[in-house]
Participant: 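One structure coming up, written as structure tokens, with questions to follow.
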Amino acid sequence: MALRQLEIGLVFALGITVAAVRDDLNRGLFQGGQCNEEASESLRLTFHDAIGISSSLTASGQWGGGGADGSIVIFADVETAFEANNGIDEIINEQEPYLLRSNMSVADFVQFAGAVGTANCPGAPRLSVYIGRKDATQASPNWLTPEPSYTVDTILNRFMDAGNITADEVVYLLASHSIAFQSKIDPTVPYTPLDSTPNVFDTQFYVETQLTGITWAGNTSVLGESMSPIPGEFRLQSDYAFARDPRTACEWQSMVDNQTKMQQMFAAAYTKMSLLGQNVDDLIDCSEVITSLTSNTVLPAFLPAGKTAEDIDQACPDTAYPSLTVQPGPAISIPPIQTA
Ligand SMILES: *[C@@H]1O[C@H](CO)[C@@H](O)[C@H](O)[C@H]1NC(C)=O
Ligand SMILES: *[C@@H]1O[C@H](CO)[C@@H](O)[C@H](O)[C@H]1NC(C)=O
Ligand SMILES: *[C@@H]1O[C@H](CO)[C@@H](O)[C@H](O)[C@H]1NC(C)=O
Ligand SMILES: *[C@@H]1O[C@H](CO)[C@@H](O)[C@H](O)[C@H]1NC(C)=O
């Protein structure tokens, strides 16, 4: 049942003033509507909650998890101890006061905060907002969240098992790494971004993961890490592999400098992800409440200064690599992301 009421620009659902929760988050957690560390971590949290569901576990008679059910927050004592959730307790704690005064289900709030934060990043698509999810009654089983050390096979199988998420859709979901950083994989180099533009939701992530790796982000390699093309940038082993695997390389390359495609495909894949374990027919669509606070135009994709077309490990046999302009100036290194 689509019960929807729009009044003076505010979206109401189930007695919740959704726009008021949005404004509360933007005033506080997102520091005046910024694409900050908390925006990135809030998007990460949506995924780590939603992926906690397994059709094969359920089929074998075991508890398979509830997907986007808020379990990562409700059962934080269990789930933040999972290896894949290292460090995620920080954003759960930071979100808590906003959650408590939101009147939303925990499951809704987790996805909502991710959508609001992402909208603050220039270039980001408007993510869908659904209200009315049922909250978890049990923690997710462990080992359902893919880790950067896993193979492409393992990760693709996991996404299919979670909810028929295809290889192409995995490529799209990884656009989230455009605004991502790492702190716990190699704790000696915290806040290291995964691309050179961590405050912009652009296609640079897909460009830079295709460049030849030349250096480790810290002094030594760590589990789940691949050599990075630029000092100060961190490359996940799994991102390296997706950019080069025959099943994903062409779709990966097709994202380069196609901002519209990235926006549309990421938004659709995010919607699918954010509804895992829930029935959309029981939910209210409040997507109108997401407004972009920042400019939505981004620069064309580029080769980072100091790189040439020779540095691209092209892996798609079907299509020539898009021709990109080279950022002017001497070879860059990337500073850690700004934290409050
Ligand atoms: C939450 O519910 C209380 C009590 O009904 C109400 O006063 C408050 O405005 C609600 N908050 C939001 C954000 O909807
Ligand atoms: C995945 O696809 C199978 C086979 O088409 C179907 O039975 C199942 O319900 C689907 N699962 C989800 C979560 O969409
Ligand atoms: C790398 O090693 C050098 C020399 O031992 C040390 O000074 C520096 O702090 C190390 N950097 C990191 C990130 O651990
Ligand atoms: C961007 O992607 C869309 C959708 O796949 C495609 O139709 C379009 O040709 C692409 N644009 C460029 C410039 O490659």
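Excluded from the calculations below are hydrogen atoms, water molecules and symmetry mates; all remaining heavy atoms, backbone and side chain alike, are included. Since the structure is predicted, the reported quantities are computational estimates derived from the model, not experimental observations.
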Participant: Measure across N199 and P122 and return the closest heavy-atom pair with its distance rounded to 0.1 Å.
Facilitator: O-CD, 3.2 Å
Participant: Identify the residue among D195, I179, L299 that makes a side chain to side chain contact (heavy atoms under 4.5 Å, CB included) with D202.
Facilitator: D195
Participant: Can you spot which of K134, R133, Q278 makes a side chain to side chain contact (heavy atoms under 4.5 Å, CB included) with D69?
Facilitator: Q278
Participant: If you compare all heavy atoms of A309 against all heavy atoms of L303, which two are closest, and at what distance to 0.1 Å?
Facilitator: N-CD1, 3.8 Å
Participant: Dump the intermediate steps for side chain to side chain donor-acceptor pair (under 3.5 Å) on T154 and T151, then the final yes or no.
Facilitator: CA-CA 5 Å; T154 303; T151 62; 2.8 Å; yes
Participant: Who pairs with F112 by ring pair (Phe, Tyr, Trp, His ring centres under 6.0 Å), at least two apart in sequence or on another chain?
Facilitator: none
Participant: Among K272, E251, K261, find the one that has a side-chain hydrogen bond (donor to acceptor under 3.5 Å, both in side chains) with Y172.
Facilitator: E251
Participant: Going through the distances and angles, do E310 and T308 end up as a side chain to side chain donor-acceptor pair (under 3.5 Å)?
Facilitator: CA-CA 5 Å; E310 300 283 289; T308 70; 5.6 Å; no
Participant: Tell me if a side-chain donor or acceptor on S287 pairs with a main-chain N or O of R126 at a distance below 3.5 Å.
Facilitator: no
Participant: Please confirm whether the ring centroid of W143 lies under 6.0 Å from the ring centroid of Y150.
Facilitator: no
Participant: With sequence neighbours left out, which residue pairs that include part of residues 322-331 fulfil the side-chain hydrogen bond (donor to acceptor under 3.5 Å, both in side chains) condition?
Facilitator: none
Participant: Do side-chain atoms of Q111 reach the backbone of G70 as a donor and acceptor pair under 3.5 angstrom?
Facilitator: no
Participant: Between D257 (side chain only) and P300 (backbone N and O only), is there a donor and an acceptor less than 3.5 Å apart?
Facilitator: no
Participant: Work out which heavy atom in T248 is nearest to a heavy atom in F242; give both atom names and the distance.
Facilitator: OG1-O, 2.7 Å
Participant: With sequence neighbours left out, write down each residue that passes ring pair (Phe, Tyr, Trp, His ring centres under 6.0 Å) with F159, or none if nothing qualifies.
Facilitator: F47
Participant: Would you check if there is a donor-acceptor pair between the side chains of Q314 and Q210 at a distance under 3.5 Å?
Facilitator: no
Participant: Counting only heavy atoms not in Q138, do more than 12 sit closer than 6.0 Å to its CD atom?
Facilitator: yes
Participant: Under the criterion side chain to side chain donor-acceptor pair (under 3.5 Å), I'd like the reasoning laid out for T166 against D168: C-alpha separation, chi angles, the key distance, then a yes or no.
Facilitator: CA-CA 5 Å; T166 65; D168 285 356; 5.4 Å; no
Participant: Minimum heavy-atom separation for L283 to N279, with atom names?
Facilitator: CG-O, 3.6 Å
Participant: Are S56 and D161 close enough that a side-chain donor and a side-chain acceptor fall under 3.5 Å?
Facilitator: yes
Participant: Taking all heavy atoms of L324 and all of A301, pick out the closest pair and write down the distance.
Facilitator: CD2-O, 3.9 Å
Participant: So which heavy atom on A167 is nearest to which on R247, and how close?
Facilitator: CB-O, 4.5 Å
